[in-house]
*Asks:* 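I am attaching a structure below and will ask some questions about it afterwards.
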Protein chains: 2
Amino acid sequence: MPEREPTLMSGVPELVLLRLLAQREMYGYDIARALKLLSDEALSLGEGVLYPALHALEARGLLRSRPRQVEGRTRIYYQATPKGCRRLARLTANWRRMSDGVERILGAHHD
Amino acid sequence: MPEREPTLMSGVPELVLLRLLAQREMYGYDIARALKLLSDEALSLGEGVLYPALHALEARGLLRSRPRQVEGRTRIYYQATPKGCRRLARLTANWRRMSDGVERILGAHHD
DNA sequence: TTCTCATACCTCGCCCTGCGAGGTATAGTC
DNA sequence: GACTATACCTCGCAGGGCGAGGTATGAGAA
């Protein structure tokens, strides 16, 4: 099956994860913090969303991971693959399309 | 249970339906057409989304309906209730918050 | 007549995904 | 020894989006 697109339902987690991890390598806990900070609290993925999403994306070949030991703790760093970057581009376009659509409806004045 | 808010997952259908029906009375088929037109094809709710959504919103007291006979065909006109309008305001605010959040992340350049 | 198309409504059931709740382990601090 | 912060994980529910399929009418074509 050839890469399901989210239809209307946003798939926001996938989008923002790919975006962050296309820029630089990050690990789970870090991502959660960055997300809250960057989005001014508006987007906070709980761990029940975050970790399963990371696993799923990796399984689909959109991310790759490598564990690292830092001060006795294990961190798992994720990074977007080329395939992940391509998908990011598509998802971003989709997001804009649908976001613009919503905005046009919200802003529509009846004549 | 006191009116669940959609957390991250957008709940776009609810939002746009309330918005349209806060402006003027419309019936299902009409809504579908308006949505496609206004959003430039970006937002097309299939009937499997549309009708169940309308029923659910009415059951929650956010819409009210009245059937009308037009040229031998039955149309069911929906309109947002005051309660629906209040909810629309809240959902709109939520949408903007989360939409801005996503935009900030998409537009973020790493330093 | 019959067929097909546009209008207009509806429901069933799948499936995915978001999410809360809960669980484990280490390092450092009080 | 207790508590907080870091860091990972899973289970299972709930809800909602969506395709597919179903009914009926009116208008126009074949």
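Throughout, a chain's letter reflects where its sequence line sits, starting with A, and its residues are numbered from 1.
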*Asks:* Classify the nucleic acid contact of I76(B) as base, sugar-phosphate or nothing, counting any heavy atom under 4.0 Å across all strands shown.
*Replies:* sugar-phosphate
*Asks:* Within the 4.5 Å heavy-atom criterion, are L43(A) and K36(A) side-chain neighbours or not?
*Replies:* no
*Asks:* What is the nucleic acid contact for E14(B), judged by heavy atoms within less than 4.0 Å: base, sugar-phosphate only, or nothing?
*Replies:* nothing
*Asks:* List the residues meeting side-chain contact (heavy atoms from CB on, under 4.5 Å) with K83(A), not counting sequence neighbours, and say none if there are none.
*Replies:* E3(A), L62(A), T81(A), R86(A)
*Asks:* Nearest 0.5 Å, what's the CZ-CD distance between R24(B) and Q79(B)?
*Replies:* 11.5 Å
*Asks:* What heavy-atom pair brings L8(B) and P13(A) nearest, and what distance separates the two atoms?
*Replies:* CD1-CG, 4.0 Å
*Asks:* Take the protein atom CD of E47(A) and the nucleotide atom C1' of dA5(D), then report the distance between them rounded to whole Å.
*Replies:* 12 Å
*Asks:* Y27(A) side chain N/O closer than 4.0 Å to the phosphate oxygens (OP1, OP2) of dA7(D)?
*Replies:* yes
*Asks:* Give every residue pair that meets the ring pair (Phe, Tyr, Trp, His ring centres under 6.0 Å) criterion with at least one member in residues 7-32 of chain A, sequence neighbours excluded.
*Replies:* Y27(A)-Y77(A)
*Asks:* For the pair made of CD in Q69(B) and C1' in dT25(D), what is the distance, rounded to whole Å?
*Replies:* 11 Å
*Asks:* Take atom OH of Y29(A) and atom P of dA27(C), then tell me their distance rounded to the nearest Å.
*Replies:* 16 Å
*Asks:* Mind checking P13(B) for me? I need base, sugar-phosphate or nothing, with any heavy atom below 4.0 Å counting as a touch.
*Replies:* sugar-phosphate
*Asks:* Is R33(A) close enough to dA5(D) that one of its side-chain N or O atoms is under 4.0 Å from OP1 or OP2 there?
*Replies:* no
*Asks:* Mind checking side-chain contact (heavy atoms from CB on, under 4.5 Å) for L15(B) and listing every partner two or more places apart, or none if nothing turns up?
*Replies:* V102(A), L106(A), L88(B), L91(B), T92(B), W95(B)
*Asks:* Give, ordered by number, those residues of residues 35-43 of chain A having at least one heavy-atom distance below 4.0 Å to an atom of DNA chain D; if nothing qualifies, reply none.
*Replies:* none
*Asks:* Given dA8(C), is OP1 or OP2 found less than 4.0 Å from the side-chain N or O atoms of R75(B)?
*Replies:* yes
*Asks:* Tell me the ring pair (Phe, Tyr, Trp, His ring centres under 6.0 Å) pairs involving residues 40-73 of chain A, sequence neighbours left out?
*Replies:* none
*Asks:* Specify the residue among G11(A) and G72(A) whose closest nucleotide of DNA chain C lies further upstream toward the 5′ end.
*Replies:* G11(A)
*Asks:* Over all heavy atoms of both residues, which pair between I105(A) and Q23(B) is shortest? Give the atoms and the distance, please.
*Replies:* O-OE1, 4.4 Å
*Asks:* To the side chain of R73(A), which of dT7(C), dA7(D), dC10(C) is closest?
*Replies:* dA7(D)
*Asks:* Could you report the tightest heavy-atom contact between A80(B) and C85(B), atom names first, then the distance?
*Replies:* CB-SG, 4.1 Å
*Asks:* Once you apply a heavy-atom cut-off of 4.0 Å, does G28(A) come out as touching a base, just sugar-phosphate, or nothing?
*Replies:* sugar-phosphate
*Asks:* Return the residues of residues 50-68 of chain B meeting this criterion: a heavy atom under 4.0 Å from some atom of DNA chain C. Order them by number, or give none.
*Replies:* Y51(B), P52(B), H55(B)
*Asks:* Considering every strand and a 4.0 Å limit on heavy-atom distances, what is the contact class for E71(B): base, sugar-phosphate, or nothing?
*Replies:* sugar-phosphate
